[in-house]
Amino acid sequence: MAEEVMNNKQIILKHYVEDYPKESDMEFKNNNIKLNVPEGSNVVVLKNLYLSCDPYMRSRMSKLEGSYVQSFTPGSPITGCGVAKVLESVDSNFQEGDLVWGMTGWEEYSIVTATQSALFKIHDKNVPLSYYTGILGMPGMTAYVGFYEICSPKKGETVFVSAASGAVGQLVGQFAKMLGCYVVGSAGTKEKVDLLKNKFDFDEAFNYKEEKDLVAALKRYFPNGIDIYFENVGGKMLDAVLLNMKLCGRIAVCGMISQYNLEKTEGVHNLFCLITKRIRMEGFLVSDHYHLYPKYLEMIIPQIKGGNVVYVEDIAEGLENAPKALVGLFYGRNVGKQVVKVSRE
C-alpha cells in the first residue's frame, strides 16, 4: 500500500475523570492518519467496524497505579475491544481483508501491534460481526470462564447473577439453564427483569431498586441458599449474598460496577461468612484464560446457530455517539450488550 493520508475521526479523553463520567469528558475530533506500515515493523492497519463499551473502561479514565490495566492517556484516543478489517499487515498471521477482533482505538482507523492488541482472526462470518464484541468476544469468554472454570457448576445447583441483563450476565444465566440449574437474576428496570424471564429463560428475576431489604429478597428466591453467585456489582448486593450462600458455595468475582464511580468505595461487612460457610470467592481476569478461546467457540457457535442461546445487543450508530453509549452503562441505560457501530465492512 502506498502511503496514504486519511481523515480519521477519533474519540479523545480530554482529562482524567472523577466521580461519574460525562460525555463532556470526551471529545469527538478529526485528525489525519498515515495508513502506511513502516518497514520492518510488526504492525497491522485496521479499519474499525464495531467498538465495545465495557464497564472496566471506567477505571481506565482515572489515573491508575498498580492496576492490571493502564490508564487512558488524556489527549489521545480511548482504546477498547472492537471488530475491524485488516487493510495492511506486516504480521504473517494476518492478511489484507481479514476480519479480526481485539484491542483497538476508538477511531475510524488504527495502527496496532497484533501481539499487544491480542488480535483474534474471525473465521466464522455466518453470525453478526458485532457478536465478536460480545458473545463471541471478551464478554462471552468472561461468562464462560467465570461460570464453568471458576465456579465448577453442577446440574441442579442454585445460581444468582447480578447485573444479569448485561453483556456477561445474560450469558451466565443461559449457560446455567443449559446445565440444568435454577437461575435468578437481578437488574435495574422492569424492562430488563422481563427480558431475563421471557427472553433469557431465567427462572426468576427481580428489580433490586424496588427491594428495600436485599437479604430478604434473596431469601425469598433462594429459601435453601445460593450455590453459585456470579458477581458483577459488589457493595450492598455482595453483602446480602454472603448471608444467603450455602455451605461450600462459590463466588466468581467478575466486576463491581456499583463501586467504579465512588471516590471512597463501600466496605463489605459479611466476609466472615467465607469462613463459617466455607465459601470459595475468586476474582479473575479473562485475559488469563484466552488459551481456552478455541474450546469456547466449539461450544458456543453451535448453540447460537441452533437457537439455544440468544444474545441481545444495544447498538449505537456512529462513532460520534460512542461517548453517550459508554456513559450510559453507568446509569443502566443500555439493554443488553452495548456496541458502537463505526462503519460497514
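Every value quoted in this text rests on a predicted model; they were computed, and no experiment measured them.
The aromatic rings of Phe206 and Phe160 lie parallel to each other, with less than 30° between the two planes, well short of the 60° mark. Taking the six-membered ring for Trp and thresholds of 30 and 60 degrees, Tyr296 and Tyr293 have ring planes inclined between 30 and 60 degrees apart.
Residues in residues 170-190 take part in these ring pair (Phe, Tyr, Trp, His ring centres under 6.0 Å) pairs, two or more places apart or across chains: Tyr148-Phe175, Tyr182-Phe222. Pairs passing the salt bridge (Lys or Arg N to Asp or Glu O under 4.0 Å) check and including a residue from residues 171-193, sequence neighbours excluded, read Lys177-Asp203, Lys190-Asp194.
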Return a table of donor-acceptor pairs under 3.5 angstrom between the side chains of residues 19-26 and protein atoms on other chains or two or more places apart.
unit_1 : atom_1 : unit_2 : atom_2 : d
Asp25  : OD1    : His15  : NE2    : 2.8
Asp25  : OD2    : Lys22  : N      : 2.7

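Note that the CG atom of Leu119 and the CG atom of Leu46 stand 6.0 Å from one another [nearest 0.5 Å]. Note that OG of Ser186 and CE of Met237 are 4.0 Å apart. Values are rounded to the nearest 0.5 Å. Gln10 contributes atom CD, which lies 8.5 Å from atom CG of Asn30 (distance to the nearest 0.5 angstrom). In this structure, Lys246 NZ and Lys277 NZ are separated by 11.0 Å, a value rounded to the nearest 0.5 Å.
Counting heavy atoms from C-beta on, the side chains of Leu49 and Val342 never come closer than 4.5 Å.
A salt bridge is absent between Glu320 and Lys9; no separation between the charged side-chain nitrogens and carboxylate oxygens falls under 4.0 Å.
When Ile226, Ile150, Leu242 are each tested for a side chain to side chain contact (heavy atoms under 4.5 Å, CB included) with Ile251, only one passes: Leu242. Of the residues listed (Asn244, Thr276, Asp239), the one engaging Asn270 in a side chain to side chain donor-acceptor pair (under 3.5 Å) is Asp239, and it is the only one.
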